[in-house]
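Note that the structure is a prediction, hence the values are computed from the model and not measured. Whatever order the structure lists ligands and atoms in, that order sets their numbers, starting from 1. Index from 1, following the sequence.
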Amino acid sequence: MSEQLYYDRSMDVDVYPHLKLALEILDPALSRVAVDVGCGAGRDALFLIERGFHVYAYDKSDEAIARLSEQGRAHLNQKLFPQVSHFEAFDYPSVSLVSACSSLFFCHPAVFSKAWMNITESLLAGGVFCGHFMGPNDSWARMGRGDLTVHSLAELQVLLQHGFQIVDLYEHDAPGMTLVGRQKHWHTYSVVAQKVD
Ligand SMILES: C[S@@+](CC[C@H](N)C(=O)[O-])C[C@H]1O[C@@H](n2cnc3c(N)ncnc32)[C@H](O)[C@@H]1O
């Protein structure tokens, strides 16, 4: 139920400013091919297709991929390649952009390194990563559920030190709401980073 409501509402929300920034700084000489990591109902994937990208979009949710396939049916298997998959299992193609908006922190810590290595290797030199990480003050992190990957700022900087130059990093540490209307404390880092080698 809340998954359905989330996917409904996510399509009415504008894409994150950092996804727009990622496109602004993307080297125009690079091919416009992207992976949308944990794409949900596909707001970002459809946004990218409108801007000339071929998009490989995956999500663990059958419901999400069914919605995206329906919404993007005019582009299916031409510019849009949706797939049910998991962060660590997806077969990442070579791309100039990886977008992971509000998704990658749902990766289980036991497989985060593998997922991150695959993401890093999929990016062409000069390509751009754009996405969110979860900080330790987030109420979901504080619950100690164990299935989320949480980074302190220092840990995030170490992660990105290897192969990336940070273009912008925005920390959000404040009470707020989820898209389905639940109160929580958000602690996230929104990152735009460019692959340097
Ligand atoms: C908060 S939603 C964000 C969806 C989309 N990126 C957006 O901004 O609308 C997080 C998404 O991550 C997906 N997800 C969670 N764990 C996953 C995993 N292990 N592998 C792939 N996708 C996963 C969920 O199914 C969900 O669609």
Side-chain angles (χ1 to χ4, degrees), residues 1-23 34-51 53 55-72 80-93 95 97-120 122 128-135 138-141 143 145-151 170 172 176-193:
M1 169 57 193
S2 74
E3 186 190 35
Q4 306 253 350
L5 186 59
Y6 177 85
Y7 290 142
D8 282 345
R9 293 193 175 164
S10 70
M11 297 306 284
D12 293 332
V13 177
D14 196 12
V15 303
Y16 285 95
H18 267 171
L19 181 54
K20 294 179 180 172
L21 175 63
L23 298 200
V35 172
D36 189 349
V37 169
C39 58
R43 177 195 61 229
D44 298 345
L46 296 171
F47 172 85
L48 289 169
I49 286 170
E50 282 168 16
R51 281 148 189 85
F53 280 81
V55 182
Y56 295 82
Y58 75 86
D59 198 287
K60 73 167 188 181
S61 158
D62 295 333
E63 166 79 16
I65 294 305
R67 283 178 179 239
L68 173 56
S69 302
E70 175 56 24
Q71 285 286 315
L80 175 63
F81 305 90
Q83 197 181 314
V84 175
S85 191
H86 288 73
F87 300 124
E88 73 284 7
F90 184 66
D91 189 9
Y92 292 81
V95 293
L97 176 71
V98 172
S99 175
C101 291
S102 291
S103 58
L104 200 47
F105 46 73
F106 288 109
C107 188
H108 195 286
V111 292
F112 181 84
S113 297
K114 182 166 194 286
W116 185 249
M117 187 183 74
N118 291 346
I119 285 172
T120 304
S122 80
V128 176
F129 171 85
C130 155
H132 295 97
F133 297 86
M134 179 167 284
D138 195 284
S139 40
W140 292 344
M143 285 163 73
R145 6 187 301 185
D147 60 343
L148 301 172
T149 295
V150 177
H151 289 90
Y170 173 76
H172 179 71
M177 302 284 277
T178 67
L179 263 190
V180 297
R182 297 201 186 106
Q183 283 192 320
K184 74 182 287 284
H185 188 95
W186 287 108
H187 187 200
T188 56
Y189 303 103
S190 181
V191 172
V192 177

**Report entry** Note: D36-R43 ion pair, threshold 4.0 Å (strictly below)
**Finding:** no
Report summary line: Under 4.0 Å from one or more heavy atoms of S85, ligand 1 contributes atoms 20 (N), 21 (C)
Requested in this report: Decide whether the shortest distance between a heavy atom of C39 and an atom of ligand 1 is less than 4.0 Å.
Outcome: yes
**Report entry** Nitrogen or oxygen atoms of S103 and ligand 1 under 3.5 Å apart
**Finding:** no
Report task. Starting from atom 7 (C) of ligand 1, locate the nearest protein heavy atom and write down its residue, its atom name and how far away it is, to 0.1 Å. Result -> R43 NH2, 3.3 Å
Query raised in the report: For the ring pair H187 and F105, is the centre-to-centre distance below 6.0 Å?
Result: no
Requested in this report: May I ask whether Y7 has any heavy atom positioned less than 4.0 angstrom from an atom of ligand 1?
Outcome: yes
Requested in this report: Run the contact test for A41 against ligand 1 with a 4.0 Å cut-off on heavy atoms, strictly below, and give the result.
Outcome: no
**Report entry** Nearest neighbour in protein (non-hydrogen) for atom 3 (C) of ligand 1
**Finding:** Y6 OH, 3.3 Å
Query raised in the report: Got the closest protein heavy atom to atom 22 (N) of ligand 1, with its distance?
Result: K60 N, 3.2 Å
Report summary line: So for C107 against ligand 1, with non-hydrogen atoms under 4.0 Å, the contacting part is neither
Report summary line: In short, A115 meets C107 closest at the heavy-atom pair CB-SG, 4.1 Å
Query - Nearest protein heavy atom with distance in Å, relative to atom 4 (C) of ligand 1 - result: G38 O, 3.4 Å
**Report entry** Ring-face cation contact, F47 with R51, 6.0 Å cut, 45° max
**Finding:** yes
Report summary line: For atom 23 (C) of ligand 1, the closest protein heavy atom turns out to be F87 CZ, 3.4 Å
Query - ligand 1 to Y16 polar contact by distance, N or O atoms, under 3.5 Å - result: no
Report summary line: If we number the atoms of ligand 1 from 1 as shown, the ones under 4.0 Å from a heavy atom of S61 are 25 (O)
Query raised in the report: Quick one: which ligand 1 atoms are inside 4.0 Å of a heavy atom on F106?
Result: 1 (C), 10 (C), 15 (C), 16 (N)
Query raised in the report: Does R145 CZ have over 12 foreign heavy atoms under 6.0 Å away?
Result: yes
